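Here the structure is laid out as structure tokens; the discussion comes afterwards.
In this text the structure is predicted, and so the values were computed from the model without any measurement. Chain letters run A, B, ... following the sequence lines, proteins first, then strands; residues in each count from 1.
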Number of protein chains: 2
Amino acid sequence: MKAIRSSLLCLVAVLLGALPVRAEAPVSVEKWGVFELTLKGPDEGNPFVDVRLSAVFTNGATTLEVPGFYDGDGVYKVRFMPGAVGEWRYETKSNRWPLTGKIGSFTATPPAKGNHGPVRVANTFHFAYADGTPFKQIGTTIYNWTDTPEEVQEQTLRTLAAAPFNKARMLLTPQPNPFQGKFAPPRWPFAGTPPHGWDYTRFNPEYFRHYEQRLAQLRDLGIEADVILFNPYGKWGFETMDAASNERFVRYVVARFSAYRNLWWSLANEYDFLRTKTEPEWDRLGALVQACDPYGHLRSIHNGTLLYDNNKPWVTHASIQNGAAVEEPGRAEMYRGVWRKPVVYDEVKYEGQSPYRWGQLSGEEMVHRFWCGTVAGTYVGHGDYFLVNEDTWTSFGGTLKGQSAPRLAFLRRVLEDGPPQGIDPIDKWQDPNTAGVPATYYLTYFGRAQPTEWEFKLFRNGVVDGQRYRVEVIDTWAMTITPVAGEFVTKKLDAYHFVDAQGRKVPLPGKPGMAVRVRRIGADGQPVKLELLLEGS
Amino acid sequence: MKAIRSSLLCLVAVLLGALPVRAEAPVSVEKWGVFELTLKGPDEGNPFVDVRLSAVFTNGATTLEVPGFYDGDGVYKVRFMPGAVGEWRYETKSNRWPLTGKIGSFTATPPAKGNHGPVRVANTFHFAYADGTPFKQIGTTIYNWTDTPEEVQEQTLRTLAAAPFNKARMLLTPQPNPFQGKFAPPRWPFAGTPPHGWDYTRFNPEYFRHYEQRLAQLRDLGIEADVILFNPYGKWGFETMDAASNERFVRYVVARFSAYRNLWWSLANEYDFLRTKTEPEWDRLGALVQACDPYGHLRSIHNGTLLYDNNKPWVTHASIQNGAAVEEPGRAEMYRGVWRKPVVYDEVKYEGQSPYRWGQLSGEEMVHRFWCGTVAGTYVGHGDYFLVNEDTWTSFGGTLKGQSAPRLAFLRRVLEDGPPQGIDPIDKWQDPNTAGVPATYYLTYFGRAQPTEWEFKLFRNGVVDGQRYRVEVIDTWAMTITPVAGEFVTKKLDAYHFVDAQGRKVPLPGKPGMAVRVRRIGADGQPVKLELLLEGS
């Protein structure tokens, strides 16, 4: 009897598998693009909780099981980001027959220009795209830009297209804002009506489709989307969901978004201000994101006043709020040494004219903080908090009002012209103002000091007598790079340092925000080429 | 047959238990003193590895099993530190009959004057003795003082008796030093002969008895002994023992030393320079110390350039080498927030005239670093590195040559006159120079700045209009405390601060190293009393 029942089930499965599959899928997609399989399935009951769907993708060498999701109206989808060119085959799994055993294949073509894959940690403290291209993070913050009138969102995209930023922090669930009630349609992530009439067991696919459209547009602008899953601001009820609803929410979002190569996961903004969750809950939710995401996108959690234990294995890099930490480079280095992971100072106060002290930096101070973070071997995030019609860039997008953005574009060019593997403090507890690669590249930032000269002087690591260097003077605000005439040739000074054999000094203009760049030159008179040292790529 | 054998064993046990016990033990010992039980036992074979001994102590409310140890010549000891007054009973356990089932009792009397018990973590970031007395750490470093000629050790004790230090870092195993070969007897922790003829399965009890004599003398001077179990300097072979020898060493030392109330465990000095051990090995050794020590003495590990993960549960407080971290208070606070444990900057470079840059601080700079750490809510350690006949205080004890010690005595008095629970940053990322207790006590240190006045201005926490304060000006180098005439009365300035209702400012002498102390006064015209908030005491 048992054997017969088993055979019957097999027969049913074979018959169903042989039925015309109402599936749609492309025949090809570029490497690190989004392959999307669309299936029709049951729409009775609550498909969000009743139906399980996944697909196993393989190219022979790599096999990944990827979660699917319900997109409403009886439509199910599985998205997949192929990490290698060539043929990929797949087969679906489900607890419902119409979604089970669907097989197919597609071809992953070489990535188009500008597609470098997802960003990974590289060289312990730095980042690189999957294809090895360095990623020098110059972030900005536009928390609620997807929850504004359509024309504001389009304006935000135009602003970003002309701005230096390659990463944007953005909330997934909305917070109260001045546009709500003034534009239609209002979108909410869950079925139900505001403020608290939610059914947390049913998602609103339209909300997520709109958000995904924005993710794709950021991707096409070369911008990483640092998507913040939980925030303490909304008070719509999303911040007090029970553990099962939190888990369902994470699984749904990860299933929908993971195939976007420009995605970073930020578990929360100001996690410690979200007082309805405990630290063990954050630990579990972070580990859940890690377990569900097949591609290992970058993962972090952003603090209010209480630092998270970024040594936890699920955290790929520290995402820090602490403006004081980048007031001078000696501070910025300290968290780096603690966690031995990349440190992104995602919130260092905002450029603006807010009455709040977290939103009243001058443009000069915003740029200063980026440079302090840079020569500490860390990365910094930008905010623009000038109130215009109850609106600021950092809250709702639109346009930039501050003066820092062009200077951050300048900094980005300096970084992208620098060592691909990133720059690290050369003599971390003695000379906090200098980062680089020993005996090859040095960037010294003088901060608020106003020196009138700089003695050519290098820390001993890698340096021997007779090495030749060129020096340039950088004005971080005026955005100029001025070569110093001639060469500098090293000569040992003492147990720690080398100076120029002729004792040469570099004149400086006696104003704040200056830097010097020192590059070793080879026999051909050109700067020495740097090897790219990347991990996990 | 089984039952008979069992009964016979019981009979033998009873008979042995009834034999005259060659045990010695005092009839009373003060609370937190050292009760020592001495037993004669087997001396054949290798008692260090063949014989297990422990004793269970109980006063009815608390029961502790305490490891014993072999002290050579057939003598075994069990030491116990009673944590409560009254009668304690004990019974020994062993794998040898002569050491098994010895029972007895003694009375723990009230602690003598100056005996406050072991030091514990209190109020998250601070320390207190077990009786609740605050412990304001002013540490020094005398690595090898127990391994010098007798007269130098006696001189060291005389120097300490007149010095401000209440904690001393000291190595347990020796490093090469200029006295070796010039004085007798040389002592080594293991049986054998230098440099490498050691039997790691046999300890040299005389070495440990001598060390214990010094522990007791420090205790009687009110000085905590921060005993460093492993170090990278010796190259005698102790740094390359196998895992079993490391564990045997830790167990032996913990069994011998734990009953000394002034003991702190420092697992290693510059652990990352001891390249023969991996981080997982340090984790295991740290957890082993925690597991073996019945009293939970403070435990830490001191770094070279690579910070240990002080979030590990076995670590009670961070023991940090990083001079740069206490060059200004904004840096010093950062590690505090990371680990949420007390931070002791145990090595911040030394006052001295060394050719090495870690040993050439001026006295002013040494004192400055203590004050920076203080107003960051952390603690600092001292070193004195003036070479005199190949000898320095920090390496070998003897006498102090630097100028900082009297100023550290002055700082200790300021701290001991301050809030018993310790002082914490008041507005940590905005005003790094001020620590205290909101609306009660403020200590602002101006560091290298040379202000000529200070506007009376307090952060909002706890402050309302009309509170009355007194202000004193502190010269940290001249060691003076000068009251400012009159009272200051709070008046709200803006969303963040209160100032004096009359807009009063405090004149300052325009020199570095100045501080102000602000204390709230009550209706009686006296400073407001502070509640003691202690954990785990």
Side-chain angles (χ1 to χ4, degrees), chain A residues 124 272 279 283 303-313 315 318 320-341 343 345 347-349 354-360 372 376 378 424-425 427-433 459-461 494-497, chain B residues 124 272 279 283 303-313 315 318 320-341 343 345 347-349 354-360 372 376 378 424-425 427-433 459-461 494-497:
Chain A
T124 306
D272 48 315
E279 291 204 19
D283 297 347
N303 64 287
T305 60
L306 201 61
L307 296 171
Y308 188 78
D309 179 4
N310 289 306
N311 271 330
K312 292 266 160 68
V315 177
I320 299 298
Q321 171 172 195
N322 182 350
V326 285
E327 283 189 54
E328 60 101 9
R331 294 182 187 172
E333 183 279 332
M334 293 179 68
Y335 290 150
R336 220 179 91 113
V338 167
W339 294 309
R340 306 185 203 167
K341 295 179 181 179
V343 175
Y345 289 101
E347 192 173 344
V348 300
K349 299 187 174 179
S354 164
Y356 298 106
R357 59 188 186 176
W358 46 258
Q360 49 189 225
C372 288
T378 66
D424 298 299
D427 189 15
K428 66 178 178 178
W429 291 337
Q430 311 289 335
D431 175 13
N433 292 62
F459 183 60
R460 65 184 176 198
N461 285 355
D494 56 26
Y496 296 108
H497 291 102
Chain B
T124 305
D272 48 316
E279 291 206 18
D283 297 347
N303 64 287
T305 61
L306 200 62
L307 296 170
Y308 188 79
D309 179 4
N310 289 306
N311 270 330
K312 292 268 160 66
V315 177
I320 300 297
Q321 170 171 196
N322 182 349
V326 285
E327 284 189 53
E328 61 101 9
R331 295 183 187 171
E333 183 279 332
M334 293 179 69
Y335 290 149
R336 221 179 91 113
V338 168
W339 294 308
R340 305 184 204 166
K341 295 178 180 179
V343 175
Y345 290 100
E347 190 173 345
V348 299
K349 299 187 175 180
S354 164
Y356 298 106
R357 59 190 186 177
W358 45 258
Q360 50 189 224
C372 288
T378 67
D424 298 299
D427 188 15
K428 65 178 179 179
W429 291 338
Q430 313 288 336
D431 176 12
N433 292 62
F459 183 61
R460 66 186 175 198
N461 284 357
D494 57 27
Y496 296 107
H497 290 104

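Only the side chain of B:Asn303 has a heavy atom closer than 4.5 Å to any heavy atom of chain A. Proximity to chain A is limited to the side chain of B:Lys349, based on heavy atoms less than 4.5 angstrom apart. With a 4.5 Å cut-off on non-hydrogen atoms, B:Asn311 touches chain A through its side chain but not through its backbone.
The shortest non-hydrogen separation linking A:Arg357 to B:Tyr496 is N-OH, 3.1 Å. Closest non-hydrogen pair, B:Trp429 versus A:Thr305, comes out as CH2-O, 3.8 Å.
Chosen from B:Glu328, B:Glu333, B:Arg331, the residue pairing most often with chain A at heavy-atom distances under 4.5 Å is B:Arg331. The residue among A:Lys428, A:Arg340, A:Glu327 with the most heavy atom pairs within less than 4.5 Å of chain B is A:Arg340. For the set A:Asp494, A:Leu307, A:Asp309, the entry with the most heavy-atom pairs within less than 4.5 Å of chain B is A:Leu307.
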